[in-house]
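Convention: sequence-line order gives letters A, B, ...; per-chain numbering from 1. Model, not experiment: these values are computed from the prediction. Every heavy atom of this structure was used, including side-chain atoms; hydrogens, water molecules and symmetry mates were not.
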2 protein chains.
Amino acid sequence: MNRKTRHNPEQHPPAKRPYHHGDLRRALLEAGRALLEEKGADGFSLRACAQRAGVSHAAPAHHFKDMKGLFTALAIEAFDLFGEALANARDGRLTPKQQIVTSYRAYLDFARGHPALFKLMFDALRLDWQDEILNEASKKAYQQLIMLAKPFEDSGKPPPLIQLLVWSLPHGVAHLQLAGQIGHSKSLISDEWLEDYLEMTAELLDRL
Amino acid sequence: MNRKTRHNPEQHPPAKRPYHHGDLRRALLEAGRALLEEKGADGFSLRACAQRAGVSHAAPAHHFKDMKGLFTALAIEAFDLFGEALANARDGRLTPKQQIVTSYRAYLDFARGHPALFKLMFDALRLDWQDEILNEASKKAYQQLIMLAKPFEDSGKPPPLIQLLVWSLPHGVAHLQLAGQIGHSKSLISDEWLEDYLEMTAELLDRL
DNA sequence: TAAAGAAACTTGTCACTGTCAAGATTGAAT
DNA sequence: ATTCAATCTTGACAGTGACAAGTTTCTTTA
């Protein structure tokens, strides 16, 4: 196994692979993200992640303190992506009601497109919420929701209540969807209803 | 460590513990439930569960195929409890609106009172959804939500849509709450708002 | 330019995990 | 009384996260 110590008499500089990876942190994040989508958060293995990045099993420790550290870094990426998706869904020309439909669709599309990342964002025990960058990233994404709720705040209800309502409406569906409770046999609801659901909720908020 | 093999010359029949536990399945379920609430689904260990029940590490395999089997059995208990809680919240004398408030409160109370069980119910990858008993139990709990949605079905909207709405409203809040996203610094919403939230959602459904 | 020190990565090891196989003990059926 | 199945134990195996200590490279300093 110690063939590394055996010097290669032929290729001297060609370098099979440099001892220093260059950007291992990035590589680990990408490998980790892929592994997460494939195996889920359990079934995830730091060693497998390291192997996929082409380094030894102990290498990740130099870039992330431990598994929680890696998951936290991945969640930061996730919150950034999520916030971006919500920001891209914003369009000043839309009516509040139309904006709800558009943003909710983006919310649900993200949850469906990145199920593992989405779950990770709300998997409290796996993340280090002491981490400031994580708090920043999540707060920034949360700001998008606050803005989305803004037009409905002139209804007499306290803003926090409106925000919670605007948030929990898509979040409940997203989570139920990822939990496999929608489109199942027991539930009569299939994916085709989702667009109608968006319309209905928007209408509901409009009449608030 | 091997003091088990040392025979005790004094007490012969008093039986430290019989070879057959009697109801190990039950004991494992209770130990597992306690362990789950303490450590969470990760951090959970089959061996620790066995030890807490006072048996060897391989004993659980004779009652549950594997870890997924134990989790599935626990989820069945959870769905039963959950369905029961929702059933107890039902009261024919209440108006539909009042019924929503009461049932939603039960929903959220359950999620808060049994956070680990609640999470497990919706942790698809950890459960064996081939298991018929699990499907039955979850379907039965789901029936409670269908009944809860019934009074609002005469609004022209398709029943599945109403059901999804009635379900996702409390579920979104419950999940956000367990994810630690409510009552946090970034969120302006604290627990005292919850009662107001229930009132608001009930009113919303009433105006549907 | 040389030496020192820090950063990046490796190997080796530890206790612990889930699962399987094989043996020991008990209760039930014949 | 004997057989048989169910229940539980011990032992083993490969895989895990984490830590310690060593090796290699880059960077800084003098």
Side-chain angles (χ1 to χ4, degrees), chain A residues 1-8 12-29 31-32 35-36 38-74 125-128, chain B residues 1-8 12-13 15-29 31-32 35-36 39-74 125-128:
Chain A
M1 294 296 183
N2 265 5
R3 73 176 82 85
K4 269 288 183 53
T5 58
R6 296 195 157 280
H7 63 295
N8 193 334
H12 204 221
K16 327 202 83 177
R17 264 167 248 162
Y19 194 92
H20 284 25
H21 179 284
D23 196 358
L24 180 55
R25 189 189 152 87
R26 176 87 267 131
L28 285 173
L29 283 174
L35 210 60
L36 202 62
E38 288 175 21
K39 312 275 185 180
D42 9 333
F44 183 93
S45 149
L46 249 176
R47 287 170 111 104
C49 182
Q51 185 175 16
R52 182 173 294 216
V55 291
S56 78
H57 66 261
H62 295 270
H63 294 271
F64 309 98
K65 185 176 167 282
D66 51 10
M67 211 173 178
K68 199 175 224 172
L70 175 55
F71 278 149
T72 299
L74 283 171
L125 296 177
R126 282 193 222 267
L127 305 182
D128 174 19
Chain B
M1 294 295 183
N2 266 2
R3 73 176 80 85
K4 270 286 184 53
T5 58
R6 295 196 157 282
H7 62 294
N8 193 333
H12 203 220
K16 328 205 80 175
R17 265 166 251 161
Y19 194 91
H20 284 25
H21 179 285
D23 197 359
L24 180 54
R25 188 189 154 88
R26 178 85 269 130
L28 285 173
L29 283 173
L35 211 61
L36 202 62
K39 312 276 184 180
D42 11 332
F44 183 93
S45 150
L46 249 176
R47 286 170 112 105
C49 182
Q51 185 175 16
R52 181 173 295 218
V55 291
S56 78
H57 66 263
H62 295 271
H63 295 270
F64 310 97
K65 184 175 168 281
D66 52 11
M67 211 174 181
K68 198 174 226 173
L70 175 55
F71 278 149
T72 299
L74 283 170
L125 296 177
R126 281 193 222 269
L127 305 182
D128 174 20

Give one of base, sugar-phosphate or nothing for Ser45(A), where a contact means two heavy atoms less than 4.0 Å apart.
sugar-phosphate
If you assign each of Ala48(A) and Lys65(A) to its closest nucleotide in DNA chain D, which residue comes earlier from the 5' end?
Ala48(A)
Choose from dT9(D), dT19(C), dA18(D) the nucleotide whose nearest atom is closest to any side-chain atom of Asp66(A).
dA18(D)
Of dA18(D), dT17(C), dT10(C), the nucleotide closest to the side chain of Val55(A) is dT10(C)
Can you tell me how far P of dT10(D) sits from CD of Gln51(B), to the nearest Å?
12 Å
Check whether any side-chain heavy atom of Phe44(A) sits under 4.5 Å from a side-chain heavy atom of Asp42(B), and report yes or no.
no
Most 5' of Lys68(B) and Arg47(A) on DNA chain C, judged by nearest nucleotide:
Arg47(A)
Heavy-atom pair with the smallest gap, counting every atom of Ala73(B) and Phe64(B):
CB-CE2, 3.6 Å
Could you work out which one of dC19(D), dC8(D), dT19(C) sits closest to the side chain of Ala58(A)?
dC19(D)
Nearest whole Å is fine: how far is dA8(C) P from Asp23(A) CG?
11 Å
Compare all side-chain heavy atoms of Leu28(B) with those of Arg25(B) and state whether any distance is below 4.5 angstrom.
no
Between His62(B) (NE2) and dT26(C) (P), how many Å, whole number?
15 Å
Rounding to a whole Å, what distance do you find between Phe44(A):CZ and dG15(D):P?
17 Å
When rounded to whole Å, the CZ to P distance for the pair Phe71(A) and dG17(D) reads 9 Å
What is the distance from CG of Leu24(B) to P of dT25(C), rounded to the nearest Å?
19 Å
Distance in angstrom units between His57(B) NE2 and dC16(C) P, rounded
14 Å
Under 3.5 Å, which donor-acceptor pairs link side chains of residues 46-62 of chain B to any protein atom two or more places apart or in another chain?
residue, atom, partner, partner atom, Å
Arg52(B), NH1, Glu38(B), OE2, 3.1
Arg52(B), NH2, Glu38(B), OE1, 3.1

Could you state the CZ-P distance from Arg25(A) to dA7(C), rounded to the nearest angstrom?
15 Å
Quick one, His63(A) with Asp23(A), criterion side chain to side chain contact (heavy atoms under 4.5 Å, CB included). Give me CA distance, side-chain angles, the key distance, then yes/no.
CA-CA 10 Å; His63(A) 294 271; Asp23(A) 196 358; over 6 Å; no
